Colleague: 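Attaching a single structure in structure tokens format; questions to follow.
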There are 2 protein chains.
Amino acid sequence: MVPAQRPTYSVIAKAAGVSEATVSRVLNGDESVHPDRAKRVQDAVDKLGYRKNRVASALASGRSGLIAVVIDDDLSVFSDPFWGTVTSGVSRILSENGLHTVLMVSPVGSVDGGVAHYLKSGEVDGAIFFVLHSDALVNNLKKTGLPMVITGTPHSSMDIPFVDTDNFGGAYSGTKHLINQGCKKIACITGDIGTTAAKQRLDGYLQAFRETGGIPAKGLICEGDYSLESGMHHARMLLETHPDVDGIFASNDLMAAGAVTVLQDLGRLVPEDVKVVGFDDALIAQTTRPALTTIRQDVVALGEAAGSLMIAQLNGEDVKPIITPTELIIRASA
Amino acid sequence: MVPAQRPTYSVIAKAAGVSEATVSRVLNGDESVHPDRAKRVQDAVDKLGYRKNRVASALASGRSGLIAVVIDDDLSVFSDPFWGTVTSGVSRILSENGLHTVLMVSPVGSVDGGVAHYLKSGEVDGAIFFVLHSDALVNNLKKTGLPMVITGTPHSSMDIPFVDTDNFGGAYSGTKHLINQGCKKIACITGDIGTTAAKQRLDGYLQAFRETGGIPAKGLICEGDYSLESGMHHARMLLETHPDVDGIFASNDLMAAGAVTVLQDLGRLVPEDVKVVGFDDALIAQTTRPALTTIRQDVVALGEAAGSLMIAQLNGEDVKPIITPTELIIRASA
DNA sequence: ACTACCCGCGAAACCGCTTTCACGAAGTCT
DNA sequence: AGACTTCGTGAAAGCGGTTTCGCGGGTAGT
């Protein structure tokens, strides 16, 4: 099959009776071209179905139109729907702005591997990171001047724009809800405390707790790791050390679900004896019995925020971090 | 900051005392260069830390080194961890072969939108599709000669290589397991029957059923849509129309989980009264109580298979569809 | 020993678009 | 009216590789 040779500038220029330079100007929105000639070019473009060759354009201009989304290896492997959802939000926004998303999975903790090289090589116009445990890669790249956006709150406060869910506020309102429901002894099962999100959620819990005038008894704060098992484990521990616990705020739904299971196995009624609040509004929140009261975060919105922050940067605008709101979803568990 | 100008061929060529053409040959593995000169070039490359500019290379050679992964809009929005996981498998294999993954979300059902244009424009060397309901886009692109791979079994039998899980075999062995456990009246909750996977899983169920010598009673086959709600809905229906049902094969874990929930709410014991088998071995299979017996599919392997099929095609090799095996995971629900 | 090949290699064209530069025409200022 | 800008435009030089083409020298055939 003869691949219908795509037209080039030279063809368009000839058809419109102008120079290639003018074609380029028109196609790049240069205002200085006389409207008449601009129209002639536009007509030729339409008529011939011209589409710019991005590669050639990238070579000449130094802008590739590609934005990298960098994902830690273990993040992806854990098949957490979270990153996929965020990425789809990012991708939507970017493509609306004529940019494309290239996906890169970086071996976890790699500061100077292939991904770093690729990003440094100028083949992408920007990079969006999902930061979990370490900011090292991002820091390493910072001095290259590559526009970057971080999804999640960075550990060290570099002045790199980031987007994040309102972890603090969400945790605060979740805990507050427990308090309002009459809970007197509220425990917290944190997420992997090496992540900023887990810390912020813990802080939200503490804040709400503090407002009651008390401070959490020793052992009421359990350091989990976001896994189902850690939820189960800590629920078991709690029941031993604090048999009178009547509320649990878990840093994600998975741990909350684990906790509920153990609670029930050990003869506690949820929510009658112990009320449980999770975080994320993941699928499991709906399937757990009783269904989990939880803090919903809008993951797609988070991705879109990341994308728009990138766009803004590319346009040279000033950018500020974006914190997306959460929502308390009341179901049966609290 | 002065961006440490990356060296170009001309620098390498000078340093090695050869022509740019020779540099190119060495870097592209052309055997015809004398080993001594090749070594000189290689040394210069190492010493100067040279890295090829992909964009320039793409322009000159017509090969971009980019492979598109095309995802239906609704697939992604449903935050199904499935596609993310597949993509990570794809991405791994591709990057091992010096290729990069660009993500594209295509508005569902769009046959000739921006994505199609982009793919036709020759800016990617190949495309991997996640086909759900329609082959239209793929068909449309077929005549361009773009190397393509489909994830999932296509509806119409075009001769485009695809990879898929052994849906039939998995469903067969799942149903068989129910039979072996002594179930007499086994229902099937299918997935969205507009997908080939759902059809194949139904066929697997039917095959196992047939081998018992009977045929499913009317109403034992319920057309679901992979959602939690449809699982719940059909379980409720089943209990009404066939109160004596003692086994359910659901086309995915989500529906199985929904079914289990309803069964329990309605006073049936799982697995004592009704045994349930799911499909996927998703996270929810482990978190549901009782944990789901299910058919595990290796999603990462599926992605890797798709990636390798693409590589093979790019190398001009003959490619055949790849069907990845499934595995029966026995837990508590059956 | 002479022509016919083959092989390794460099010169140069080329991929398709962007951007600088300079030029002529038109407008502005004394 | 002459000198100085400003403005729209085209010619041409890249961007950094790849690839064709052909040359010179060595090998082989007769």
Side-chain angles (χ1 to χ4, degrees), chain A residues 3-42 44-45 48-66 98 117-118 120-125, chain B residues 3-42 44-45 48-66 98 117-118 120-125:
Chain A
Q5 200 60 35
R6 306 170 65 203
T8 66
Y9 270 16
S10 99
V11 178
I12 303 292
K14 222 158 277 172
V18 301
S19 73
E20 299 187 21
T22 298
V23 176
S24 173
R25 289 195 254 267
V26 172
L27 264 43
N28 291 312
D30 187 324
E31 298 290 325
S32 72
V33 178
H34 189 98
D36 289 358
R37 326 186 109 238
K39 175 148 195 338
R40 291 223 306 277
V41 171
Q42 197 54 58
V45 165
L48 282 76
Y50 174 81
R51 312 210 77 229
K52 186 144 75 182
N53 178 324
R54 277 175 160 274
V55 176
S57 167
L59 176 58
S61 69
R63 282 171 262 112
S64 65
L66 263 32
H117 275 298
Y118 183 74
K120 282 182 189 166
S121 73
E123 292 160 44
V124 296
D125 295 344
Chain B
Q5 200 59 36
R6 305 170 65 202
T8 66
Y9 269 18
S10 98
V11 177
I12 303 293
K14 221 158 280 173
V18 301
S19 74
E20 298 187 23
T22 298
V23 176
S24 174
R25 289 194 257 265
V26 172
L27 263 44
N28 291 311
D30 187 325
E31 298 290 327
S32 70
V33 179
H34 188 98
D36 289 358
R37 323 185 114 243
K39 176 145 193 339
R40 291 222 307 276
V41 171
Q42 196 55 57
V45 165
L48 282 78
Y50 173 80
R51 312 209 76 229
K52 187 144 75 181
N53 179 323
R54 278 176 162 274
V55 176
S57 166
L59 176 58
S61 68
R63 280 171 263 114
S64 65
L66 262 33
H117 275 298
Y118 183 72
K120 282 182 187 165
S121 73
E123 292 161 42
V124 295
D125 295 344

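Everything quoted here is computed from the prediction, not taken from an experiment. In what follows, chains carry the letters A, B, and so on, assigned in the order in which the sequence lines appear, proteins first and then strands, with residues in each chain numbered from 1.
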Colleague: Between Lys39(B) and Asp36(B), is there a side-chain heavy-atom distance shorter than 4.5 Å?
Modeller: no
Colleague: So, using salt bridge (charged side-chain N to carboxylate O under 4.0 Å, His left out) as the criterion, who are the partners of Arg54(A) when residues are at least two apart?
Modeller: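 Salt bridge (charged side-chain N to carboxylate O under 4.0 Å, His left out) list for Arg54(A), sorted by chain: Glu123(B).
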Colleague: Expressed as a whole number of angstroms, how long is the span from Arg54(B):CZ to dC15(C):C1'?
Modeller: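 Distance, rounded to whole Å: 18 Å.
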Colleague: Five pairs per end, C1' atoms only: what is the angle between the end axes of the helix from dA1(C)-dT30(D) to dT30(C)-dA1(D), to 10 degrees?
Modeller: 30°
Colleague: Between atom CZ of Arg40(B) and atom CD1 of Ile12(B), what is the distance when rounded to the nearest 0.5 Å?
Modeller: 13.0 Å
Colleague: Which residues pass the side chain to side chain contact (heavy atoms under 4.5 Å, CB included) test with Leu59(B), sequence neighbours left out?
Modeller: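 Partners of Leu59(B) under the side chain to side chain contact (heavy atoms under 4.5 Å, CB included) test: Val55(A), Ala56(A), Leu59(A).
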Colleague: Within this structure, what is the CD1-to-P distance between Ile12(B) and dC9(C), rounded to whole angstrom?
Modeller: 17 Å
Colleague: With sequence neighbours left out, what residues match Asn53(B) under side-chain hydrogen bond (donor to acceptor under 3.5 Å, both in side chains)?
Modeller: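 Residues passing side-chain hydrogen bond (donor to acceptor under 3.5 Å, both in side chains) with Asn53(B): none at all.
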Colleague: In whole Å, what is the span from the CG atom of Asp36(B) to the P atom of dC7(C)?
Modeller: 19 Å
Colleague: What heavy-atom pair brings Ala58(A) and Ser64(A) nearest, and what distance separates the two atoms?
Modeller: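 Reported closest heavy-atom pair: CB-CA, 3.7 Å.
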Colleague: Between Lys14(B) (NZ) and dG10(C) (C1'), how many Å, whole number?
Modeller: 15 Å
Colleague: Which residue pairs pass the side-chain hydrogen bond (donor to acceptor under 3.5 Å, both in side chains) test when at least one of the two sits in residues 14-24 of chain A, sequence neighbours left out?
Modeller: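 For residues 14-24 of chain A, and leaving out neighbouring residues, the side-chain hydrogen bond (donor to acceptor under 3.5 Å, both in side chains) pairs sorted by first residue read Ser19(A)-Thr22(A), Ser24(A)-Asn28(A).
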Colleague: For each nucleotide in nucleotides 13-20 of chain D, reading 5' to 3', give B when a protein heavy atom comes within less than 4.0 Å of its base, S when such contact involves only the sugar-phosphate, and - otherwise.
Modeller: -BBBBBBB
Colleague: How close or far is atom P of dC17(C) from atom CD of Glu123(B), stated in whole angstroms?
Modeller: 10 Å
Colleague: For His34(A) and dC7(D), what is the distance between atoms NE2 and C1' respectively, to the nearest whole Å?
Modeller: 12 Å
Colleague: Report the distance from atom CG of Leu27(A) to atom CZ of Arg51(A), rounding to the nearest 0.5 Å.
Modeller: 11.0 Å
